[in-house]
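The structure appears below as structure tokens.
Here is the naming used below: chain letters follow the sequence lines, and residue numbers restart at 1 for every chain. Note that the structure is a prediction, hence the values are computed from the model and not measured.
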Protein chains: 2
Amino acid sequence: MTSETETGATGQSMSSGRDAEAVSRFVERFASEMTEAGMQRMASRVFAALLADDDGSMTSAELAVALQISPAAVSGAVNYLTQVSMVGRERDPGSRRDRYRLLDEVWFATFASRDRVLTRWESTLKEGVRILGEDTPAGARIAETVAFFEFLQAELVGMMDRWHEHRKTLGLPARDGRANA
Amino acid sequence: MTSETETGATGQSMSSGRDAEAVSRFVERFASEMTEAGMQRMASRVFAALLADDDGSMTSAELAVALQISPAAVSGAVNYLTQVSMVGRERDPGSRRDRYRLLDEVWFATFASRDRVLTRWESTLKEGVRILGEDTPAGARIAETVAFFEFLQAELVGMMDRWHEHRKTLGLPARDGRANA
DNA sequence: CGCTACTTTCACAAATTTGTGAAGTTAAGG
DNA sequence: CCTTAACTTCACAAATTTGTGAAAGTAGCG
């Protein structure tokens, strides 16, 4: 976590010039928007907490304190987040604590996993075309859906390249090769 | 619904050359994949049923029979689907029945509504940058996230144009101006 | 090799979500 | 207008999901 001198999740800012309470409100607000979009609640909260952390990296215990949840809840959330490649698990050498770290290019990874979902859908939809017959209106409609998804996946690649180009023009602070958005 | 002569959701195909049971399995399978991706179960099932229907259009009663659910459940699902612009509500003139119809360019609409979500997120994230300070690592990371989302939204427009171009090269059946994928 | 600090797993209780039947509402057709 | 078919709303029961405490498992460090 960023500062050891901050108070807990609902505590008032102390000396760090950062309003811990406002940060916590932001974390909760963004988490709840992600939840509305379909992500599990605890996973959203953990992710948002990491996003708002300067290191982009917190230990299990830090997360539990900051979010006021049990270690078990942290474990579950973090498990999910590593599954979908949004967060990495590290171990500080010489410590028994795991650290969880925002992966490089989180959003890229997130979109990439969407991509995997699309692939699954495509296979089901192709089966649908077969069942309905490509000459039926329904079959044709579903075939067009497949075509659209295939198009989307192809576009995604180029889009990511363009993003990396665009990113350079943004005057960003240098990458440290660790936590990034 | 497409055929009045088919039996119910689990019935065996009769004369239409379409295997009703296989269609139903496809509907359920695709619906469950959409559900896994975050859509409400009943909404997914209704949507999938419409997708597999030749007209892309069914009445409330037809949906209730095909999916074995209560009118109340249809009502709820359809309400959601119209909210997110995936399905349109019509009324056959001279009838008391509503018809629900797949909208033109459903997937386009779906992505467009994603777009609205991104906009909401952006506003929250910008607030986060303000709270954390753009000069802090966390603030900078979140600012980059905002930039990425803005980039994405900009890309979406061009991508849809390219899709429409690409679509023409696909040798699709002519549009009837009503139900499409 | 065992102590201890941490993480994970498990069973359960609480909360939330989901779908239903029934009552209420709306509007077409007489 | 009245009748009646259809849709919607509402309260509730069932099912699912969620987060917890406690027990079990792992791995540093002496």
Side-chain angles (χ1 to χ4, degrees), chain A residues 1 4 8-10 27-28 31-50 57-84 87-101, chain B residues 1 4 8-10 27-28 31-50 57-84 87-101:
Chain A
M1 184 145 65
E4 300 295 330
T10 55
V27 166
E28 293 304 329
S32 112
E33 283 175 4
M34 286 195 289
T35 300
E36 278 168 47
M39 182 146 83
Q40 306 170 0
R41 176 145 32 119
M42 287 296 133
S44 302
R45 295 181 70 206
V46 166
F47 182 79
L50 287 171
S57 144
M58 296 169 78
T59 66
S60 192
E62 285 166 348
L63 284 165
V65 171
L67 301 173
Q68 306 271 48
I69 58 182
S70 71
V74 174
S75 175
V78 142
N79 237 33
Y80 171 81
L81 289 169
T82 43
Q83 285 275 331
V84 300
V87 159
R89 189 191 312 255
E90 305 176 345
R91 164 108 4 144
D92 295 338
S95 161
R96 300 169 193 186
R97 301 182 175 182
D98 282 345
R99 299 191 72 74
Y100 302 103
R101 176 178 299 282
Chain B
M1 184 143 69
E4 301 294 330
T10 56
V27 166
E28 294 303 331
S32 111
E33 283 176 3
M34 286 196 289
T35 299
E36 276 168 49
M39 183 144 83
Q40 306 170 359
R41 174 145 33 121
M42 287 294 131
S44 301
R45 296 182 70 207
V46 166
F47 182 80
L50 287 170
S57 144
M58 295 169 79
T59 65
S60 192
E62 286 167 349
L63 285 165
V65 171
L67 301 174
Q68 306 272 49
I69 57 182
S70 72
V74 174
S75 177
V78 140
N79 238 35
Y80 172 81
L81 289 168
T82 43
Q83 286 274 331
V84 301
V87 159
R89 189 191 311 256
E90 304 176 346
R91 163 108 3 144
D92 296 338
S95 161
R96 299 170 192 182
R97 300 183 175 182
D98 282 344
R99 297 192 73 74
Y100 302 102
R101 177 178 297 283

Worksheet item: Quick one: are A/Val46 and A/Leu81 in side-chain contact, heavy atoms under 4.5 Å?
Response: yes

Practice prompt. Would you kindly give the CG-to-P distance between B/Leu63 and D/dT8, to the nearest whole Å?
Written response: 12 Å

Item to complete: Report yes if the side chains of B/Val74 and B/Met42 come closer than 4.5 Å at any heavy-atom pair, otherwise no.
Response: no

Worksheet item: Nearest to the side chain of A/Ala73, which nucleotide is it out of C/dT8, D/dT9, D/dT20?
Response: D/dT20

Worksheet entry | Evaluation steps, side-chain contact (heavy atoms from CB on, under 4.5 Å), between A/Arg89 and A/Asn79 | CA-CA 9 Å; A/Arg89 189 191 312 255; A/Asn79 237 33; 3.4 Å; yes

Worksheet entry | Heavy-atom check, side chain of A/Leu63 versus side chain of A/Tyr100, under 4.5 Å | yes

Practice prompt. Identify, between A/Pro71 and B/Val74, the residue whose nearest nucleotide on DNA chain D lies closer to the 5' end.
Written response: B/Val74

Worksheet item: Out of D/dT20, D/dT9, C/dT8, which nucleotide sits closest to the side chain of B/Ala72?
Response: D/dT9

Item to complete: Using a 4.0 Å heavy-atom cut-off across all strands, classify B/Tyr80 as base, sugar-phosphate, or nothing.
Response: nothing

Item to complete: Quick one: label A/Asn79 by what it contacts on the DNA or RNA (base, sugar-phosphate, nothing), any heavy atom closer than 4.0 Å.
Response: nothing

Discussion item. What is the separation between atom OH on B/Tyr100 and atom P on D/dC7, rounded to the nearest whole Å?
Written reply: 6 Å

Discussion item. Tell me the interatomic distance from A/Arg41, atom CZ, to D/dT20, atom P, rounded to whole angstroms.
Written reply: 10 Å

Worksheet item: Considering heavy-atom distances to DNA chain C, does A/Val78 or B/Gly94 have its closest nucleotide positioned more toward the 5' end?
Response: A/Val78

Item to complete: Please determine if a side-chain N or O atom of A/Ser60 lies less than 4.0 Å away from the OP1 or OP2 oxygen of C/dT7.
Response: yes

Worksheet item: What is the distance from CE of B/Met42 to C1' of D/dT16, rounded to the nearest Å?
Response: 13 Å

Fill in: Value in whole Å for how far the P atom of D/dT18 lies from CD1 of A/Ile69
14 Å

Worksheet item: Between C/dT8, D/dC7, D/dG19, which one does the side chain of B/Arg91 approach most closely?
Response: D/dC7

Worksheet, complete the sentence: Separation of C/dT18 atom P from B/Leu67 atom CG, nearest Å, is 17 Å

Worksheet item: When we call it a touch if two heavy atoms are under 4.0 Å apart, what does B/Arg89 touch: a base, just sugar-phosphate, or nothing?
Response: sugar-phosphate

Item to complete: May I ask you to test the A/Glu36-A/Ser32 pair for a side-chain heavy-atom distance under 4.5 Å?
Response: yes

Discussion item. Between C1' on C/dT7 and CZ on A/Arg97, what's the gap in Å once rounded to a whole number?
Written reply: 12 Å

Worksheet item: With sugar-phosphate meaning primed atoms plus P, OP1 and OP2, does B/Gly76 contact a base, only sugar-phosphate, or nothing at under 4.0 Å between heavy atoms?
Response: nothing

Discussion item. So for A/Arg96 and C/dT7, does any side-chain atom that can act as donor or acceptor lie under 3.5 Å from a complementary atom in the base?
Written reply: no

Item to complete: Hey, which sits more toward the 5' end of DNA chain C by its nearest nucleotide, A/Ala61 or B/Gln40?
Response: A/Ala61

Worksheet, complete the sentence: Rounded to whole Å, CG of B/Leu81 lies from C1' of D/dC7 at a distance of 16 Å

